[in-house]
Amino acid sequence: MSVLEIRDLHVTVETEAGETPILNGVTLTVNTGETHAIMGPNGSGKSTLAYTIAGHPKYTVTSGSITFDGEDVLAMSVDERARAGLFLAMQYPVEIPGVTVTNFLRTAKTAIDGEAPSIRAWSKDVKQAMKNLRMDAKFAARNVNEGFSGGEKKRHEILQLEMLRPKFAVLDETDSGLDVDALKIVSEGVNRAKEQTDMGVLLITHYTRILRYIKPDYVHVLVNGRVAEEGGPELATRLEDEGYDRFLAPVSGDEA
């Protein structure tokens with residue numbers, strides 16, 4: 001079993017007003033085989049947590065730690081984190097002109113494993129994964145995300161997840177912009193990857209609809225950069241019924 005541990009994490013980001021605190025002491029432990037849902041209102045720090053784990057240079061860790069099986073993640077470069085088994089499915093996947101999906105996937109797999117996969121077996125696996133995600137085979141020869149619709153970009157993120165087989169996957173609002181059918185297909189892809197690898201999943205979302213397909217073991221509510229409440233799947237159901245109002249400070253003048 002592998003463990004991703006986040007301890008008292010404080011993170012800032014540079015804005016026009018200067019360094020702005022975003023995360024204010026997040027503590028979280030994710031084991032392989034577990035699915036943790038991170039929920040919360042806009043601006044609560046959910047995406048900041050995702051990008052900090054991945055190593056985005058925009059975010060500065062001012063205190064706290066992230067460890068992966070005892071190793072200091074914050075001391076690793078972005079590519080070292082990926083090779084160690086951390087994966088980020090981005091909320092807004094970027095286009096990479098001049099790099100085909102096929103070349104991108106095989107190059108990434110080679111970098112992670114230290115050797116190139118067998119072309120015949122690899123091609124077969126990619127075709128099957130694309131078929132499962134209902135992606136047209138022609139996408140393999142297209143440049144990464146170039147001209148892809150929002151739903152196609154999200155399917156490509158999950159294609160990467162299935163082919164690269166990480167130990168931990170951080171899914172940053174993978175459900176955003178998906179219709180009902182695409183949401184189900186993408187969720188099935190995540191579930192397949194988890195079944196095949198026993199990876200840990202950190203699923204960031206505003207809504208409970210994706211949790212109907214990807215069942216969380218734990219739910220954490222992030223508000224103002226802190227974990228405000230934790231629980232099991234029943235917490236997500238309560239959030240769907242009640243929203244986040246009870247976690248938010250009342251507007252001045254509303255208090256009796």
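All values derive from a computational prediction rather than experimental measurement.
Between Glu173 and Ser47, the shortest heavy-atom contact is OE2-OG, 4.3 Å. Nearest approach of Pro117 to Arg106, heavy atoms of both residues: O-NH2, 2.6 Å. In plain terms, the two heavy atoms of Pro41 and Leu222 that are nearest each other are CD-O, 3.6 Å. The two atoms that bring Gly33 and Asp217 nearest to each other are O-OD2, 4.0 Å, heavy atoms only. Between Met39 and Thr208, the closest heavy-atom pair is CE-CG2, 3.8 Å. Heavy-atom minimum distance, Ala236 versus Leu211: CB-CD1, 3.6 Å.
Counting only heavy atoms from C-beta outward, the side chains of Val126 and Met163 approach each other to under 4.5 Å. Using a 4.5 Å heavy-atom threshold, the side chains of Leu133 and Ile158 count as touching. Inter-residue side-chain proximity for Lys215 and Pro233 is flagged as unmet; no heavy-atom pair is nearer than 4.5 Å. Residues Phe148 and Val101 are in side-chain contact: their nearest non-hydrogen atoms beyond the backbone lie under 4.5 Å apart. Residues Lys167 and Phe68 are in side-chain contact: their nearest non-hydrogen atoms beyond the backbone lie under 4.5 Å apart. Put simply, the side chain of Leu49 reaches to within 4.5 Å of the side chain of Leu9, judged on heavy atoms. When side chains are defined from C-beta on, Ile204 counts as touching Val170, because their heavy atoms get closer than 4.5 Å. Within the 4.5 Å cutoff, side-chain heavy atoms of Glu229 are placed close to those of Arg238.
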Practice problem: With side-chain contact (heavy atoms from CB on, under 4.5 Å) as the test, would you mind laying out the steps for Arg155 and Leu159 before giving the verdict? | Solution: CA-CA 6 Å; Arg155 293 187 200 204; Leu159 175 63; over 6 Å; no
Quiz item: Hey, mind stepping through Leu178 and Ile185 against side-chain contact (heavy atoms from CB on, under 4.5 Å) and telling me if it holds?
Solution: CA-CA 10 Å; Leu178 298 182; Ile185 292 167; over 6 Å; no
Practice problem: Verify side-chain contact (heavy atoms from CB on, under 4.5 Å) between Val13 and Lys58, making sure each step is shown before the conclusion. | Solution: CA-CA 6 Å; Val13 64; Lys58 176 182 177 181; 3.5 Å; yes
Quiz item: Step by step, would you call Tyr213 with Val190 a side-chain contact (heavy atoms from CB on, under 4.5 Å)?
Solution: CA-CA 10 Å; Tyr213 303 106; Val190 174; over 6 Å; no
Practice problem: Evaluate the salt bridge (charged side-chain N to carboxylate O under 4.0 Å, His left out) criterion for residues Arg212 and Glu240: first the C-alpha distance (whole Å), next the side-chain angles of each, then the deciding distance (0.1 Å), finally the verdict. | Solution: CA-CA 12 Å; Arg212 299 169 191 165; Glu240 184 173 33; 3.2 Å; yes
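Judged purely by atom type and a 3.5 angstrom limit, Arg142 uses its side chain to pair as donor or acceptor with the backbone of Glu146. Between the Asp179 side chain and the Ala182 main chain, a donor and an acceptor come within less than 3.5 Å of each other.
A side chain to side chain donor-acceptor pair (under 3.5 Å) with Glu157 holds for exactly one of Gln160, Lys153, Lys154; it is Gln160. Just one residue in the list Thr29, Ile66, Val26, Leu28 forms a side-chain contact (heavy atoms from CB on, under 4.5 Å) with Arg7, and that residue is Thr29. Across Ile53, Val227, Val73, a single residue satisfies side-chain contact (heavy atoms from CB on, under 4.5 Å) together with Ile6, and that is Ile53.
Classified by interplanar angle (parallel below 30°, tilted 30° to 60°, perpendicular above 60°), the ring pair Tyr244/Phe247 is tilted. Relative ring orientation between Tyr59 and Tyr51 is described as parallel, the plane-to-plane angle staying below 30° on a 0-90° scale split at 30° and 60°. Using cut-offs of 30° and 60° for the angle between ring planes, the His220 and His36 rings count as parallel.
With hydrogens and angles left out, the side-chain atoms of His10 and Thr62 include no donor and acceptor closer than 3.5 Å. A donor atom on one side chain and an acceptor atom on the other are not found under 3.5 Å apart for Asp198 and Thr32. Using a 3.5 Å distance cut-off with no hydrogens or angles, the side chains of Asp175 and His206 do not pair a donor with an acceptor. Under the 3.5 Å distance criterion, with hydrogens and angles disregarded, no donor-acceptor pair is assigned to the side chains of Asn191 and Glu195.
Atom CD of Glu115 has 12 or fewer neighbouring heavy atoms from other residues, nucleotides or ligands inside a 6.0 Å radius. Residue Arg209 places its CZ atom among more than 12 non-hydrogen atoms of other residues, nucleotides or ligands, all under 6.0 Å distant.
Under the 4.5 Å side-chain heavy-atom criterion for Ile, Leu, Val, Met, Phe, Trp and Tyr, Leu4 and Val11 are members of the same hydrophobic cluster. Linking ILVMFWY side-chain heavy atoms closer than 4.5 Å, directly or via other members, places Leu202 and Leu74 in a single hydrophobic cluster.
One distance of note links CG of Leu23 with CG of Asn224; it measures 11.5 Å at 0.5 Å rounding. Rounding to the nearest 0.5 Å gives a distance of 8.5 Å between CG of Asp172 and OH of Tyr92. Atoms CG and CG, on Leu164 and Leu105 in that order, are 6.5 Å from each other to the nearest 0.5 Å.
Listed by first and then second residue, the side-chain hydrogen bond (donor to acceptor under 3.5 Å, both in side chains) pairs involving residues 13-26 are Thr12-Glu19, Thr15-Thr20 (not counting sequence neighbours). Note on residues 65-75: pairs passing side-chain hydrogen bond (donor to acceptor under 3.5 Å, both in side chains), not counting sequence neighbours, are Ser2-Asp69.
For the salt bridge (charged side-chain N to carboxylate O under 4.0 Å, His left out) test, residues two or more places apart in sequence or in another chain that qualify with Asp79 are Arg83.
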